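Just below is one structure, and these are the notes that go with it.
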Amino acid sequence: MVLTFGVAASPAQAAADSSAPSNHYDFYITETNVTRLCHEKTILSVNGQFPGPTIYAHKEDVVTVNVYNLGYKNITLHWHGIDQPRNPWSDGPEFITMCPIQPGANFTYQIIITEEEGTLWWHAHSDFDRATVHGTIVIYPKRGTVYPYTKPHKEWWNADVEQLLEESQRTGGDVPISNATTINGQPGDLINPSCSKNGTFRMLVEHGKTCLLRVINAGLTNEMFFAIAGHRLTVVGTDGRYLKPFTTDYIMISPGQTFNMLLEPNRPTNGSSNSHYYIAARPFVTNFNLAADNTTATGILEYVDMPPSAGPPDFPNQLPASHDIAAATMYTGQLRSLVTKEHPVDVPTHVDENMLVTIAVNTVPCGANETCDGPQGNRLAASLNNVSFVSPVVDILDAYYYSIQGVYEPDFPNKPPIMFNFTDPNFPVNQSFTKRGTKVKVVEYGAVIEVVFQDTSILGAEAHPMHLHGFSFYVVGRGFGNFDKSKDPASYNLVDPPYQNTVSVPKAGWAAIRFRAANPGVWYMHCHFDRHTVWGMDTVFIVKNGKTPNTQMLPRPPNMP
């Protein structure tokens with residue numbers, strides 16, 4: 001079944017998609033007029049839909065998507081969570097693996113699905129276009145195989161969208177908070193009911209018929225809590241991989257992440273209980289010093305086989321408060337990979353290269369003849385290991401492929417330049433400056449890499465959703481405070497850690513991931529809070545070719561933009 005979180009960016013209800021898998025799709029980037037919160041605006045969309053069309057496939061399929069840019073600006077698309085083995089040419093991030101598709105042009109992406117199975121998503125990866133240009137990728141089990149749980153009767157989906165960020169980029173200040181969160185493009189009837197009540201999303205269910213909910217947080221800015229009144233959720237998968245099933249009252253989902261959940265419509269149908277229940281999504285906010293969207297988006301779960309209730313829907317009182325870090329920590333601590341013969345794990349126990357990567361929001365000096373809105377009159381920036389990434393004007397993949405000099409520096413550091421108390425809440429603002437650069441990390445084919453992401457309190461500690469292109473990784477550990485390399489690895493889970501492509505790094509804490517660099521090419525790593533990526537909280541891994549033909553990058557397609 002399909003649901004969508006978002007912000008008042010004025011989405012249009014998506015048309016129903018056929019669920020039959022297809023190996024080819026045509027995407028037309030166009031402008032669409034939509035109305036939300038009594039305000040009409042023009043957005044970019046795909047095929048006039050917001051959210052955009054759903055791609056259906058089976059594990060081990062190859063799908064082609066021909067993108068026609070009929071819009072007014074350059075654009076690229078990314079297939080979030082698809083590893084794209086040996087094929088960085090179709091990965092999509094602007095000026096990392098390709099030049100953008102210009103207005104009036106088209107480009108055909110090749111999506112190579114290998115081990116992924118479950119729910120992933122696609123989105124624009126240029127400027128802030130993914131606020132309205134995104135959709136779902138449904139990957140069914142390989143033909144001839146089945147789900148590792150009872151097949152559901154029907155399915156639904158979720159995603160999240162945020163305001164555009166141009167004003168922040170111009171002034172160097174922070175991003176204005178969103179006006180509202182949405183579910184399936186609709187804010188729901190708790191937010192400005194006079195404008196929103198009639199469009200509230202409704203999910204129709206029948207008693208005893210299991211639903212599979214596919215939930216995507218496509219938001220630019222907020223992690224989210226999500227719950228359904230009167231019902232518990234059985235989580236069975238994340239980021240296109242299966243989990244050991246567990247039942248919960250709510251989930252916490254970071255931008256970029258997906259979760260698959262089973263819902264049992266089990267309320268009595270004899271009239272003794274309500275016939276409709278709120279579906280609710282609320283931002284999870286970890287930096288208490290920043291203004292935040294405190295709205296709660298709602299949809300309605302409605303039983304079609306019981307008498308309609310006269311009163312309002314029940315509200316999910318189990319939905320955590322916006323600042324409930326303990327609830328988020330409890331939820332993420334339950335994520336463990338399903339380990340079966342059909343779905344084995346391969347957690348690396350030997351590490352070839354260790355990296356400690358500090359995450360920070362920083363400042364850079366305001367330019368000459370500029371007035372900036374950042375702290376102490378400076379411009380806001382962000383960094384990894386105190387390097388604030390600058391996107392080049394020649395994409396890094398072409399520069400690497402053709403050995404073009406001067407585009408990037410191959411010396412991204414394995415540790416921060418200075419070791420200090422990263423989580424000290426009293427870090428002085430006047431020491432928040434960072435340096436800009438286009439530094440990348442080069443690794444050997446097949447090397448096992450461990451990255452420990454360490455949050456810092458520079459300009460305020462907060463959680464960060466870190467995403468790696470080209471790979472899924474095992475989240476082997478996480479904790480609060482400063483990572484201690486002599487003690488913390490003893491707590492790692494090397495038996496059944498979750499296998500994800502986006503990890504939520506705890507506020508004032510750390511998260512450790514491991515992956516085997518067996519995918520040659522150029523692969524982007526960045527925070528999935530878009531304002532942080534724009535400010536420089538990103539870098540690139542270049543994985544060298546292996547020694548055999550099937551361990552080397554595919555040739556450059558002749559029709560690259």
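Predicted model, so just to flag it, every value in this text is computed and none were measured. Heads up: numbering here begins at 1 and tracks the sequence. Quick note: numbers below take in every heavy atom, side chains included, and nothing from hydrogens, waters or symmetry partners.
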Please determine whether side-chain contact (heavy atoms from CB on, under 4.5 Å) holds for the pair Gln376 and Thr363, giving the CA-CA distance in whole Å, both sets of side-chain angles, and the decisive distance to 0.1 Å.
CA-CA 9 Å; Gln376 298 182 341; Thr363 56; over 6 Å; no
Hey, mind stepping through Phe473 and Val451 against side-chain contact (heavy atoms from CB on, under 4.5 Å) and telling me if it holds?
CA-CA 10 Å; Phe473 46 73; Val451 180; over 6 Å; no
Thr434 and Asn386: CA distance, side-chain angles, deciding distance, side chain to side chain donor-acceptor pair (under 3.5 Å) verdict:
CA-CA 5 Å; Thr434 184; Asn386 207 40; 3.2 Å; yes
Residues Thr371, Cys366; criterion side-chain contact (heavy atoms from CB on, under 4.5 Å); working and verdict:
CA-CA 7 Å; Thr371 300; Cys366 196; 5.7 Å; no
Could you walk me through whether Lys507 and Phe288 pass the side-chain contact (heavy atoms from CB on, under 4.5 Å) check?
CA-CA 11 Å; Lys507 173 183 179 177; Phe288 307 153; 3.8 Å; yes
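In this structure, Arg130 contributes its side chain and Gly219 its backbone to a donor-acceptor pair below 3.5 Å. Put simply, the side chain of Arg86 gets close to the backbone of Gln552: a donor and an acceptor are under 3.5 Å apart. Between the side chain of Asp129 and the main chain of Ala124, no donor-acceptor pair closer than 3.5 Å is present. Checked by atom type and distance alone, the side chain of Asp239 pairs as donor or acceptor with a backbone atom of Asn501 at under 3.5 Å. Remark: side-chain polar atoms of Gln84 are paired, donor with acceptor, to backbone N or O of Ile112 under 3.5 angstrom. Formation of a donor-acceptor pair under 3.5 Å by the Ser388 side chain with backbone atoms of Trp535 is found in this model. In this structure, the side chain of Arg556 does not engage the main chain of Trp89 through any donor-acceptor pair within 3.5 Å. Under a 3.5 Å cut-off, the side chain of Ser90 and the backbone N or O of Gln110 do form a donor-acceptor pair. Thr502 places no side-chain N or O within donor-acceptor distance of the main-chain N or O of His467, the cut-off being under 3.5 Å. In this structure, the side chain of Thr438 does not engage the main chain of Ser391 through any donor-acceptor pair within 3.5 Å.
Taking both residues in full, the closest heavy atoms of Ser254 and Pro465 are given as CB-CB, 3.8 Å, listed atom of the first, atom of the second, then distance. Residues Asn69 and Gly71 share a closest heavy-atom pair of OD1-N, 3.0 Å. Annotation for Ile253 and Thr258: closest pair CD1-CA, 4.1 Å, computed over non-hydrogen atoms. Closest of all the heavy-atom pairs between Leu384 and Phe412 is O-CE1, 3.6 Å. Pro520 and Asn545 get closest at one heavy-atom pair: CB-OD1, 3.5 Å. Gly509 approaches Thr423 most closely through the heavy-atom pair N-CG2, 4.4 Å.
For CE of Met330, the number of neighbouring non-hydrogen atoms (other residues, nucleotides, ligands) closer than 6.0 Å is 12 at most.
The side-chain heavy atoms of Leu494 and Val476, taken from C-beta on, include a pair separated by under 4.5 Å. Considering only heavy atoms from C-beta on, Pro100 comes within 4.5 Å of Thr76 through its side chain. Contact of the Ile396 side chain with the Val440 side chain is registered, since non-hydrogen atoms from C-beta on lie closer than 4.5 Å. The side-chain heavy atoms of Phe389 and Ile96, taken from C-beta on, include a pair separated by under 4.5 Å. For the pair Pro497 and Arg336, the minimum side-chain heavy-atom distance is 4.5 Å or more. Counting heavy atoms from C-beta outward, Met98 and Asp91 have side chains that stay 4.5 Å or more apart. Considering only heavy atoms from C-beta on, Thr539 stays 4.5 Å or farther from Val387 through its side chain. Annotation: side chain of Val543 is not in contact with side chain of Asn519 (no heavy-atom distance under 4.5 Å).
For His78 and Tyr524, the ring centers sit 6.0 Å or farther from each other. Ring pair Trp122/Phe27: centre-to-centre distance below 6.0 Å. Here the two rings, on His80 and His134, have centers that are 6.0 Å apart or farther. When ring centroids are compared, His526 and His469 come within the 6.0 Å threshold. Phe284 and Tyr331 have their aromatic ring centers separated by at least 6.0 angstrom.
Interatomic distance, Thr114 OG1 to Ile82 CD1, rounded to the nearest 0.5 Å: 7.5 Å. Distance CG/Asp352 to CD/Glu444: 10.0 Å, rounded to 0.5 Å. Atom-to-atom distance recorded for Arg379:CZ and Asp373:CG is 9.0 Å, nearest 0.5 angstrom. Interatomic distance, Phe529 CZ to Asn222 CG, rounded to the nearest 0.5 Å: 7.0 Å.
Classification of the Trp79-Tyr109 ring pair by plane angle, with boundaries at 30° and 60°, yields perpendicular. The aromatic rings of Phe427 and Phe420 sit tilted relative to each other, their planes meeting at an angle between 30° and 60°. Below 30°, between 30° and 60°, or above 60°: for His464 and His532 the angle between ring planes is between 30° and 60°, a tilted geometry.
A donor-acceptor contact under 3.5 angstrom links the side chains of Tyr492 and Glu450, judged on distance only. Side-chain contact check for Ser504 and Glu223: at least one donor-acceptor pair (N or O, by modelled atom type) lies under 3.5 Å. There is a side-chain donor-acceptor pair under 3.5 Å between Ser383 and Asn362.
Salt-bridge annotation for Arg516 and Asp83: absent, with no side-chain N of the basic residue lying under 4.0 Å from a carboxylate O of the acidic one.
Among Asp455, Thr456, Asn421, the one residue that satisfies the side chain to side chain donor-acceptor pair (under 3.5 Å) test with Asn482 is Asn421.
A search for side chain to side chain donor-acceptor pair (under 3.5 Å) contacts involving Asn385 returns Thr358, not counting sequence neighbours. Every residue two or more places apart in sequence or in another chain that forms a side chain to side chain donor-acceptor pair (under 3.5 Å) with Glu353 is listed here: Asn414, Lys441.
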